[in-house]
Engineer: 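Okay, here's the structure, questions in a sec.
Residue numbers start at 1 and run along the sequence shown. Atoms within each ligand, like the ligands themselves, are counted from 1 in listed order.
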Amino acid sequence: MQSDLKRVLYGEAEIAARLDQLAAQITADYSGKELTVLAILNGSLIFMADLLRRIPLPLQLDCLRVKSYYGGTISTGRVQFDPAALPLVHGRHVLLLDDILDSGNTLAAIIEAIRLEGKPLSLKSCVLLRKTKKRSLSIGADYVGFDIADEFVVGYGLDYQERYRNLPLIGVLKT
Ligand code: IMP
Ligand code: MG
């Protein structure tokens, strides 16, 4: 798999070190509160497992399976999930976890669905990666692991046509 990469962006040690910082920040920010974490699958699966084990707070974990459709490596903007599968958010501190903020379509759609479902006490989002680009949607993330260039990346949960999720590092695919 690694021979399909043009370049490694972040190796295992770098990811682990950044997760330590991110988890410390989240733990401090939510100290004394109880979190509801909503992980967006499949992409955030590995990030979620490694991040949450570094956060010693009482929390509830829910997962939402979301499909974003791609024409090759470009987002088509179509996002699909089952709104009935959303957790109860009313009166909760909700933290969304996703692998990457690209166009922002996925987070925007989920945030809108959550707002229809109930009134959370707070609603923030955390992404492992954020692409540096102009987004037509004014959607941001409250916690970001790494800012990266606008290139298609795989590994550490991120896929290309469902492959490479199990690579322990993050890299740019050969085109
Ligand atoms: P957005 O809705 O365009 O922000 O993209 C969100 C989803 O698209 C992510 O959760 C990923 O599953 C996928 N995605 C966006 N960019 C990449 C990438 O560079 N590599 C792999 N998946 C990506
Ligand atoms: Mg994907």
Side-chain angles (χ1 to χ4, degrees), residues 1-12 14-15 18-19 22-23 26 36-52 61-83 85-87 89 94-117 123-175:
M1 285 191 296
Q2 221 166 307
S3 58
D4 295 349
L5 297 182
K6 184 158 68 182
R7 203 162 85 245
V8 172
L9 285 183
Y10 302 104
E12 289 182 70
E14 261 173 302
I15 296 172
R18 184 65 188 118
L19 291 196
L22 211 50
I26 293 170
T36 294
V37 174
L38 180 60
I40 300 166
L41 300 187
N42 292 331
S44 74
L45 189 56
I46 291 172
F47 173 46
M48 166 193 77
D50 285 347
L51 182 75
L52 294 188
L61 173 62
D62 277 279
C63 297
L64 185 67
R65 223 190 126 87
V66 176
K67 276 221 158 295
S68 10
Y69 290 88
Y70 268 76
T73 57
I74 309 287
S75 169
T76 62
R78 277 202 302 139
V79 181
Q80 196 180 48
F81 62 94
D82 177 9
L86 283 170
V89 295
V94 179
L95 180 64
L96 301 176
L97 285 190
D98 204 359
D99 52 357
I100 189 165
L101 178 63
D102 182 14
S103 68
N105 286 322
T106 306
L107 280 182
I110 293 166
I111 289 169
E112 194 190 286
I114 285 178
R115 300 242 185 249
L116 287 172
E117 152 94 23
L123 177 56
K124 287 190 183 183
S125 54
C126 171
V127 294
L128 174 66
L129 304 170
R130 175 174 62 190
K131 286 189 187 173
T132 310
K133 66 199 284 187
K134 257 188 89 72
R135 271 174 270 275
S136 47
L137 293 164
S138 63
I139 194 92
D142 302 280
Y143 302 98
V144 177
F146 301 102
D147 276 304
I148 62 167
D150 190 8
E151 296 179 294
F152 198 81
V153 296
V154 295
Y156 202 73
L158 291 115
D159 73 303
Y160 173 65
Q161 297 182 346
E162 295 305 324
R163 290 177 64 209
Y164 306 104
R165 292 196 198 273
N166 55 328
L167 260 182
L169 42 79
I170 300 165
V172 181
L173 209 53
K174 280 180 190 158
T175 41

Engineer: Please identify which of these residues, Ile139, Leu38, Leu96, meets the side chain to side chain contact (heavy atoms under 4.5 Å, CB included) condition with Ser125.
Structural biologist: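 Between Ser125 and the candidates, side chain to side chain contact (heavy atoms under 4.5 Å, CB included) is satisfied uniquely by Leu96.
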
Engineer: Considering only heavy atoms of Glu151, which atoms of ligand 1 have at least one such atom less than 4.0 Å away?
Structural biologist: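 Once the distances to Glu151 are compared, the set is 19 (O).
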
Engineer: Distance check, rounded to the nearest 0.5 Å: Asp99 atom CG versus Ile170 atom CD1?
Structural biologist: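 The distance works out to 9.5 Å.
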
Engineer: Does Asp4 pair with Lys174 as a salt bridge, N-O distance under 4.0 Å?
Structural biologist: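 Here Asp4 does not pair with Lys174 in a salt bridge, since their nearest N and O are not under 4.0 Å apart.
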
Engineer: Any donor-acceptor pair under 3.5 Å linking the side chain of Glu112 with the backbone of Ala109?
Structural biologist: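 No: the side chain of Glu112 does not pair with the backbone of Ala109.
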
Engineer: Below a 4.0 angstrom heavy-atom separation, can you tell me which part of Ile100, side chain or backbone, both or neither, approaches ligand 1?
Structural biologist: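 Both backbone and side chain.
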
Engineer: If you take the nearest heavy atom of each of Val153, Asp102, Leu173, which one is closest to atom 5 (O) of ligand 1?
Structural biologist: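 Answer by nearest heavy atom: Asp102.
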
Engineer: Is any side-chain heavy atom of Leu52 closer than 4.5 Å to a side-chain heavy atom of Val37?
Structural biologist: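 SC-SC contact between Leu52 and Val37 confirmed.
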
Engineer: Heavy-atom contacts with Thr106 under 4.0 Å: which atoms of ligand 1 show up? List them by number with element.
Structural biologist: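 Result: 1 (P), 2 (O), 5 (O), 6 (C), 7 (C).
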
Engineer: Given that the side chain starts at C-beta and the backbone is N, CA, C, O, which of these parts of Asp98 lies under 4.0 Å from ligand 1, counting heavy atoms, or is it both or neither?
Structural biologist: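 Near ligand 1, Asp98 shows its side chain, while the N, CA, C and O stay back.
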
Engineer: Which bit of Ser103 is near ligand 1, meaning a heavy atom under 4.0 Å away: side chain, backbone, both or neither?
Structural biologist: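 Within the 4.0 Å criterion, Ser103 contacts ligand 1 through backbone and side-chain atoms alike.
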
Engineer: Please say whether Gly104 places an N or O atom under 3.5 Å from an N or O atom belonging to ligand 1.
Structural biologist: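 Yes; at least one N/O pair falls below 3.5 Å.
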
Engineer: Any idea which part of Lys131 is under 4.0 Å from ligand 1, heavy-atom wise: side chain, backbone, both or neither?
Structural biologist: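 The answer is the side chain.
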
Engineer: Please list, in number order, the atoms of ligand 1 under 4.0 Å from a heavy atom of Ser68.
Structural biologist: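 This gives 7 (C), 8 (O) as the contact atoms.
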
Engineer: Applying salt bridge (Lys or Arg N to Asp or Glu O under 4.0 Å) to Lys124 and Asp142, what does each step give before you reach the verdict?
Structural biologist: CA-CA 6 Å; Lys124 287 190 183 183; Asp142 302 280; 5.5 Å; no

Engineer: Quick check: does any side chain N or O of Lys67 sit under 3.5 Å from a backbone N or O of Arg78, one acting as donor and the other as acceptor?
Structural biologist: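 No, Lys67 side chain to Arg78 backbone: no donor-acceptor pair under 3.5 Å.
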
Engineer: Check ligand 1 against Asp159 and write out every atom of the ligand that is under 4.0 Å from a heavy-atom position of the residue.
Structural biologist: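 Atoms satisfying the 4.0 Å criterion: 21 (C), 22 (N).
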
